[in-house]
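Below you'll find the structure, written out as structure tokens, and then a few comments.
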Amino acid sequence: MTIRLYDTSARQIRDFTPLRPGCVSIYLCGATVQAAPHIGHIRSGLNFDIMRRWFEYRGLDVTFIRNVTDIDDKIIAKSAEQGRPWWSIGYENERAFTDGYHALGCLPPTYEPRATGHITEMVEMMRGLIERGHAYEADGNVYFAVTSFPEYLKLSNQELENLLQPSGEGETGKRDPRDFAMWKAAKPGEPSWETPWGRGRPGWHLECSAMAHKYLGTAFDIHGGGLDLVFPHHENEIAQAKAYGDEFARYWVHNAWVTMSGEKMSKSLGNSVLVSEMVKRWRPIVLRYYLGTPHYRSMIEYSEEALREAESAFARIEGFVQRAVELAGGPVEPSAEVPPAFAEAMDDDLGVPQALAVVHTTVRQGNSALAADDKEAAVARLAEVRAMLGVLGLDPLDPHWAGESDRGEDLHGVVDSLVRLVLDQREAARARKDWPTADAIRDRLGQAGLVVEDSPQGPRWSLGPR
């Protein structure tokens with residue numbers, strides 16, 4: 001068994017060899033909590049949740065760190081704009097991210113550190129970089145000198161001569177305009193912390209380098225994040241950490257965006273779709289299917305039509321699971337191993353689309369077994385399907401999804417009794433060969449959003465795609 005991953009730094013798919021046999025360490029750039037999450041934010045968490053689940057299926061012990069950036073320029077701007085404390089805005093939105101991750105079935109991280117809880121580690125790193133000649137203080141700011149680090153821009157493959165470094169307000173005293181801020185001098189009314197160079201607050205890039213060092217040590221396996229973080233964030237993280245003496249990340253894995261009209265979904269463009277609103281309109285497990293089943297390096301163009309297609313595709317899987325459980329007379333445990341073709345797809349750079357094709361093929365085989373009233377084969381296929389869906393976080397029988405109530409599952413028993421009365425009338429019409437009445441009842445139920453299927457065990461109903 002060899003898992004292979006696309007490494008952004010190598011620009012190719014590489015065999016994955018963990019630093020410590022049997023263990024995997026992952027650092028994922030998490031939320032910057034200036035606003036509630038849209039589905040583009042949650043996609044990253046979903047992609048790395050699937051990665052984590054696959055490593056665990058392969059028997060590896062995963063340490064998964066996902067940080068929270070709870071102080072930055074945008075949070076401070078929101079604080080001034082809304083007249084609220086910066087920490088109040090950050091905590092409210094941190095909770096919204098946690099709720100979003102949970103709603104879509106992401107396993108909680110091993111640790112989820114906040115930036116503001118690690119000022120001591122940041123000061124220690126800056127002190128070491130200044131002593132080594134890689135950083136300097138100016139006007140209360142601390143900057144990283146990019147020319148002091150020969151490997152700078154290796155990840156993003158840029159030329160230093162052409163570099164345009166993003167800069168914030170108040171970044172004065174730079175020796176080179178390409179240098180970036182690790183620490184920003186305090187401004188009136190802004191949050192600040194005491195350092196040997198005066199009061200101030202951390203820069204975005206320093207936060208992650210310090211937290212990765214604290215929780216994963218001088219070297220770890222995988223650093224992940226969205227494709228938009230390659231530069232400047234990840235490039236600057238590498239410079240700080242390696243200049244400090246860390247080996248840092250051995251593999252760099254980046255997920256693609258969710259786009260609308262060809263543009264990256266973002267708060268600033270006003271084209272974001274909030275998770276809290278989406279879960280009111282769509283079942284969370286369907287949202288997970290929609291966001292988690294394309295390849296993590298493929299862009300997702302958001303559309304209602306695409307979501308409806310995802311809903312229909314998942315309904316086919318869920319329908320088989322429900323029918324097979326009914327035939328089996330109760331729950332069937334997932335098989336110990338997934339089918340070889342599924343494993344082969346997942347080992348090859350987390351090929352979820354190819355793995356999902358195996359799921360659908362197995363569902364079709366299971367449906368054929370159901371049609372033939374072959375209980376043994378249907379149960380075997382169900383066990384395989386549950387094993388595969390478990391890796392993807394999409395098993396509808398998992399306790400996590402049992403509490404879904406956004407489409408009235410809490411009233412399912414009442415609705416089922418009412419629908420059964422109508423289906424009994426349809427069965428009576430079929431018994432007397434009154435086919436027009438039987439078809440009319442089925443059609444009326446269809447207009448109400450219900451799908452009726454005739455099985456050897458009798459008619460059954462389900463909610464159809466919207």
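Quick caveat, the model's predicted, so the values are computed rather than measured. The residues of the chain are indexed from 1 along the displayed sequence.
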Quiz item: Considering residues, nucleotides and ligands other than Q158, do more than 12 of their heavy atoms fall under 6.0 Å from its CD?
Solution: yes

Quiz item: Is any side-chain heavy atom of V68 less than 4.5 Å from a side-chain heavy atom of P113?
Solution: no

Quiz item: Parallel, tilted or perpendicular: which fits the ring planes of F180 and H205, with parallel below 30° and perpendicular above 60°?
Solution: perpendicular

Quiz prompt | Lys/Arg N to Asp/Glu carboxylate O, R308 vs E311, below 4.0 Å | solution = no

Under 3.5 Å, sequence neighbours excluded: what are the donor-acceptor pairs made by side chains of residues 95-105?
from, atom 1, to, atom 2, distance (Å)
R95, NH1, Y91, OH, 3.3
T98, OG1, E94, O, 3.1

Quiz prompt | Donor-acceptor pair, side chain of N93 and main chain of I89, under 3.5 angstrom | solution = yes

Quiz prompt | Enclosure of Q12 CD (heavy-atom neighbours >12, cutoff 6.0 Å) | solution = yes

Quiz item: Cation-pi between R66 and F48: NZ/CZ under 6.0 Å from ring centre and within 45° of the ring axis?
Solution: no

Quiz item: Donor-acceptor pair, S88 side chain versus R84 backbone, under 3.5 Å?
Solution: no

Quiz item: Is it true that a side-chain atom of S148 and a backbone atom of A145 form a donor plus acceptor pair closer than 3.5 Å?
Solution: yes

Quiz item: Of all heavy-atom pairs between Y143 and T172, which one has the smallest distance, and what is that distance?
Solution: OH-O, 2.7 Å

Quiz prompt | Nearest non-hydrogen partners of I71 and I75, listed with the distance | solution = N-CD1, 3.7 Å

Practice problem: Any chance you could lay out the side chain to side chain contact (heavy atoms under 4.5 Å, CB included) test for L227 and M299, step after step, and finish with the verdict? | Solution: CA-CA 10 Å; L227 194 59; M299 297 293 182; 4.2 Å; yes

Practice problem: Let me see the working for D15 and T2 under side-chain hydrogen bond (donor to acceptor under 3.5 Å, both in side chains), right down to the final yes or no. | Solution: CA-CA 7 Å; D15 289 351; T2 301; 5.3 Å; no

Quiz item: Which residue pairs satisfy the salt bridge (Lys or Arg N to Asp or Glu O under 4.0 Å) criterion with at least one member in residues 233-252, sequence neighbours excluded?
Solution: E151-K242, D221-R250, E247-R250

Exercise. Would you mind checking if E56 and R52 are paired as a salt bridge, meaning a charged N to carboxylate O distance below 4.0 Å?
Key: yes

Quiz item: So how far is it from L356 CG to M388 CE, rounded to the nearest 0.5 Å?
Solution: 9.0 Å

Exercise. Evaluate ring-ring contact (aromatic ring centres under 6.0 Å, His included) for F16 paired with F55, printing each intermediate quantity in order.
Key: CA-CA 11 Å; F16 175 73; F55 280 134; 5.1 Å; yes

Quiz prompt | Candidate pair D347 and W54, rule side-chain hydrogen bond (donor to acceptor under 3.5 Å, both in side chains), full reasoning | solution = CA-CA 8 Å; D347 281 340; W54 184 244; 2.9 Å; yes

Quiz prompt | Ion pair E207/R114, N-O distance below 4.0 Å | solution = no

Quiz item: Do side-chain atoms of R132 reach the backbone of G128 as a donor and acceptor pair under 3.5 angstrom?
Solution: yes

Exercise. Indicate yes or no: at least one non-hydrogen side-chain atom of S335 is less than 4.5 angstrom from one of R386.
Key: no

Quiz item: Which atom pair, heavy atoms only, marks the closest approach of P294 to P353?
Solution: C-CG, 4.0 Å

Quiz item: How long is the span from the OG atom in S156 to the CG atom in L229, to the nearest 0.5 Å?
Solution: 12.5 Å

Quiz item: Any idea which heavy atoms bring T147 and D176 closest together, and the distance?
Solution: CG2-OD2, 4.1 Å

Practice problem: Rounded to the nearest 0.5 Å, what's the gap from CG on L350 to CG on N47? Could you check? | Solution: 8.5 Å

Quiz item: Is it true that R288 and D49 have a side-chain N and a carboxylate O under 4.0 angstrom from each other?
Solution: yes

Self-check item: Those residues that, when tested against R316, pass side-chain hydrogen bond (donor to acceptor under 3.5 Å, both in side chains) (two or more places apart)
Solution: none

Practice problem: For the pair K74 and D72, find out whether any cationic side-chain nitrogen is under 4.0 Å from an anionic carboxylate oxygen. | Solution: no

Exercise. Please round to the nearest 0.5 Å and tell me the distance separating atom CZ of R14 and atom CG of D349.
Key: 12.5 Å

Quiz item: Residues in ring pair (Phe, Tyr, Trp, His ring centres under 6.0 Å) with F220, at least two apart?
Solution: F248

Quiz item: Does a salt bridge link R381 with E384, judged by any charged N lying under 4.0 Å from a carboxylate O?
Solution: yes

Quiz item: So, do H213 and Y244 have ring centers that fall under 6.0 Å from each other?
Solution: yes

Quiz prompt | Minimum-distance pair of heavy atoms, taken over all atoms of A256 and R43 | solution = O-NH1, 3.1 Å

Self-check item: Test side-chain hydrogen bond (donor to acceptor under 3.5 Å, both in side chains) applied to S167 and K174, step by step
Solution: CA-CA 11 Å; S167 293; K174 284 186 180 182; 2.9 Å; yes

Quiz item: Excluding sequence neighbours, so at least two apart, what forms side-chain hydrogen bond (donor to acceptor under 3.5 Å, both in side chains) with Y251?
Solution: none

Quiz item: Parallel under 30°, tilted from 30 to 60°, perpendicular over 60°: which one fits the rings of W252 and H234?
Solution: tilted

Exercise. For atom CD of E190, decide whether the heavy atoms of other residues, nucleotides or ligands shown that lie under 6.0 angstrom number more than 12.
Key: yes

Quiz item: Looking at side-chain heavy atoms only, is the closest gap between L160 and Y152 below 4.5 Å?
Solution: yes

Self-check item: Under 3.5 Å donor-acceptor, R199 side chain and S192 backbone
Solution: yes

Practice problem: Compare every heavy atom of A135 with every heavy atom of V142, then report the nearest pair and how far apart it is. | Solution: CG1-CB, 4.4 Å

Self-check item: V352 side chain reached by Y296 side chain, heavy atoms, under 4.5 Å
Solution: no

Practice problem: Indicate yes or no for a side-chain donor-acceptor contact from Y302 to the backbone of G40 under 3.5 Å, with no hydrogens or angles considered. | Solution: no

Practice problem: Check the pair K78 / E92 against salt bridge (Lys or Arg N to Asp or Glu O under 4.0 Å), numbers first and verdict last. | Solution: CA-CA 13 Å; K78 284 285 181 70; E92 176 183 283; over 6 Å; no

Exercise. Calculate, to the nearest 0.5 Å, the distance between atoms CZ and OH belonging to F314 and Y289 respectively.
Key: 8.5 Å

Exercise. Taking the side chain as every heavy atom from C-beta outward, state whether N236 and Q165 have any pair of such atoms under 4.5 Å apart.
Key: yes

Quiz prompt | Gap between atom CG of L5 and atom CG of D7 - 0.5 Å precision | solution = 8.5 Å

Quiz item: What residues, two or more places apart in sequence or in another chain, satisfy ring pair (Phe, Tyr, Trp, His ring centres under 6.0 Å) together with H118?
Solution: Y215

